[in-house]
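Below you'll find the structure, written out as structure tokens, and then a few comments.
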Amino acid sequence: MAKRDYYDVLGVAKGASADEIKKGYRTKAKELHPDRNIDKPEAESQFKEANEAYEVLKDPEKKAAYDRYGHAAFEGGMGGGGGRPGGGFGGQQGDFGSAFSDVFDDLFGDFMGGQRGGNGGGRRAARGSDLRYNLQISLEDAFAGLQKTINVPTSVACDGCKGTGAEGGSEPSTCPTCSGMGKVRAQQGFFTVERTCPTCSGLGQIIQNPCNSCGGAGRVEKDRSLAVNIPAGVETGTRIRLAGEGEAGMRGGPAGDLYIFIDVVVHELFERDGNNLFCRVPVSMSAAALGGSIEVPTIDGGRGRVQIPAGSQSGRQMRLRSKGMPALRGGGPGDMFIELAVETPVNLTGRQKELLREFEELSSENNPESSSFFSSVKSFWDSMKG
């Protein structure tokens, strides 16, 4: 079967530039890669055909020979075949690792760990880690907001080497194993496997004369004091991000971020539910029966007055509007709910007992059905005792 024209295989015009040829091959490689076409057996042979075409057209000498003689340039010892039977290029068509590696980064660079150091000698700085700090505050502080200074143990850039890791202002040198790429490749059959360089740990550089202060790391351990603004309305679980305040990067790399997690301590009086506050307030039996007004403490340190309707029972709730917690992300404040707890008097004086008995008798006269019921209950218990 006659071979297809190499330009047609890559989908480019004759006389295409090197960039156009590479772009065409990149498109075909992505389209025809066997891993993406498991259900298409012909994709593997087409992938090899595209590789064969690119192997010729990417090389200026081979391309010039192909443009002049076509496929005959690589048959019968003509051109760059080296006199081997079947032609020099024919012996390479199974080795598509060479051509495929030219666009390996374009196809899989992000998957394999991001951009590579194309210049081979540039500084490969690593971003510092993010840090977490747990901060406990009171409910009053969560209501009002505050500015608090915290001490964070972290890694900071070394002053002795300015974060480079090298002593005396010297510069790190390019890693000889990976040539500054930070990764090394190994050919395994049809595929090229890329791994982190074992010599430089992926940094692309090695330090011949490490800094005495940091040992070549470019950073040292140190406690930092930071002023943190806690906005009003935070609650347990609220996360505050301080960009660039985390761990310093390796060898001058950008610092990570600091995340502050808020924990609001349980209050002895108020219970929080969202932006609303709840509290339980004791009231005397006479105040609950006759009605009146009471003063209750509020979260802002003031006091609010609540009207108690006559005949109120334990568990009844009243509301003080807008006396709850402020909204963290806009909107009005919550409300404060007061739950009544009617107290039974204890340690009564003789006169108080006498008045209560008189009250009970008057209650029986005003509610004979209730009096009859309680008399029946009393008789039942008396009979049980007998």
Side-chain angles (χ1 to χ4, degrees), residues 130-153 224-243 245-246 257-348 352 356:
D130 294 334
L131 298 178
R132 171 173 177 152
Y133 186 91
N134 296 326
L135 178 61
Q136 279 194 341
I137 62 174
S138 66
L139 186 62
E140 288 84 357
D141 288 337
F143 171 81
L146 77 156
Q147 185 177 76
K148 189 174 182 65
T149 300
I150 61 175
N151 292 318
V152 182
R224 297 180 58 201
S225 294
L226 297 174
V228 182
N229 288 315
I230 310 297
V234 295
E235 58 185 322
T236 295
T238 298
R239 187 181 69 173
I240 299 173
R241 173 175 172 263
L242 299 182
E245 298 295 351
D257 299 332
L258 173 64
Y259 290 91
I260 299 175
F261 286 78
I262 302 298
D263 179 24
V264 180
V265 179
V266 176
H267 200 274
E268 61 181 6
L269 176 60
F270 297 106
E271 183 177 341
R272 181 177 182 177
D273 184 8
N275 290 335
N276 294 325
L277 293 176
F278 295 82
C279 69
R280 187 176 175 88
V281 177
V283 295
S284 65
M285 185 177 67
S286 58
L290 301 176
S293 65
I294 59 172
E295 281 190 343
V296 293
T298 54
I299 190 62
D300 59 3
R303 302 188 73 82
R305 185 166 290 276
V306 179
Q307 291 293 328
I308 301 177
S312 294
Q313 305 294 317
S314 286
R316 181 164 187 167
Q317 285 189 343
M318 273 79 68
R319 174 187 293 184
L320 284 177
R321 296 189 180 276
S322 300
K323 289 295 185 181
M325 299 293 291
L328 179 60
R329 296 178 179 86
D335 299 329
M336 176 177 167
F337 292 87
I338 298 97
E339 180 180 325
L340 300 182
V342 180
E343 292 185 324
T344 301
V346 295
N347 300 323
L348 299 177
Q352 288 172 328
L356 281 177

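Because the structure is a prediction, the values reported are computed rather than measured.
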Quick one: closest heavy-atom pair of L277 and K323, and the distance?
CD1-O, 4.1 Å
Stepwise side-chain contact (heavy atoms from CB on, under 4.5 Å) test for M285 and L356:
CA-CA 12 Å; M285 185 177 67; L356 281 177; 4.0 Å; yes
Looking only at non-hydrogen atoms, find the nearest pair between A232 and F143 and report the distance.
CB-O, 3.3 Å
Between E235 (side chain only) and G233 (backbone N and O only), is there a donor and an acceptor less than 3.5 Å apart?
no
Enumerate the side-chain hydrogen bond (donor to acceptor under 3.5 Å, both in side chains) contacts for residues 285-303, please, sequence neighbours excluded, ordered by first and then second residue.
S284-S286, S293-R305, E295-R303, E295-R305, T298-D300
Show the nearest heavy-atom pair for residues P282 and E343, with the distance to one decimal.
CB-OE2, 3.4 Å
To check you understand the geometry: which heavy-atom pair defines the closest contact between Y259 and R239, and what is its length?
CD2-CD, 3.5 Å
May I ask you to test the M318-L340 pair for a side-chain heavy-atom distance under 4.5 Å?
yes
Considering all heavy atoms, the nearest A327-G332 contact:
CB-O, 3.8 Å
Work out which heavy atom in D335 is nearest to a heavy atom in S322; give both atom names and the distance.
OD1-N, 2.8 Å
Would you say V234 and L328 make side-chain contact, with heavy atoms under 4.5 Å?
yes
Contact between T236 and R272 at the side-chain level, heavy atoms closer than 4.5 Å - yes or no?
no
Which is it for R132 and F261 under the side-chain contact (heavy atoms from CB on, under 4.5 Å) test, yes or no, and what are the steps along the way?
CA-CA 7 Å; R132 171 173 177 152; F261 286 78; 3.5 Å; yes
Inspect the contact between R280 and E271 and indicate whether a charged nitrogen and a carboxylate oxygen are less than 4.0 angstrom apart.
no
Answer whether the closest heavy-atom distance between the side chains of N275 and P333 falls below 4.5 Å.
no
Do V264 and I137 have side chains that approach each other closer than 4.5 Å (heavy atoms only, starting at C-beta)?
yes
Side chain proximity check, V306 to V281, heavy atoms < 4.5 angstrom:
no
Are V283 and S312 close enough that some pair of their side-chain heavy atoms sits under 4.5 Å apart?
no
Atom CD of Q317: over 12 foreign heavy atoms under 6.0 Å
yes
Give a yes or no on whether the backbone of M336 and the side-chain of N276 come within a donor-acceptor separation of less than 3.5 Å.
no
Do V228 and E245 have side chains that approach each other closer than 4.5 Å (heavy atoms only, starting at C-beta)?
no
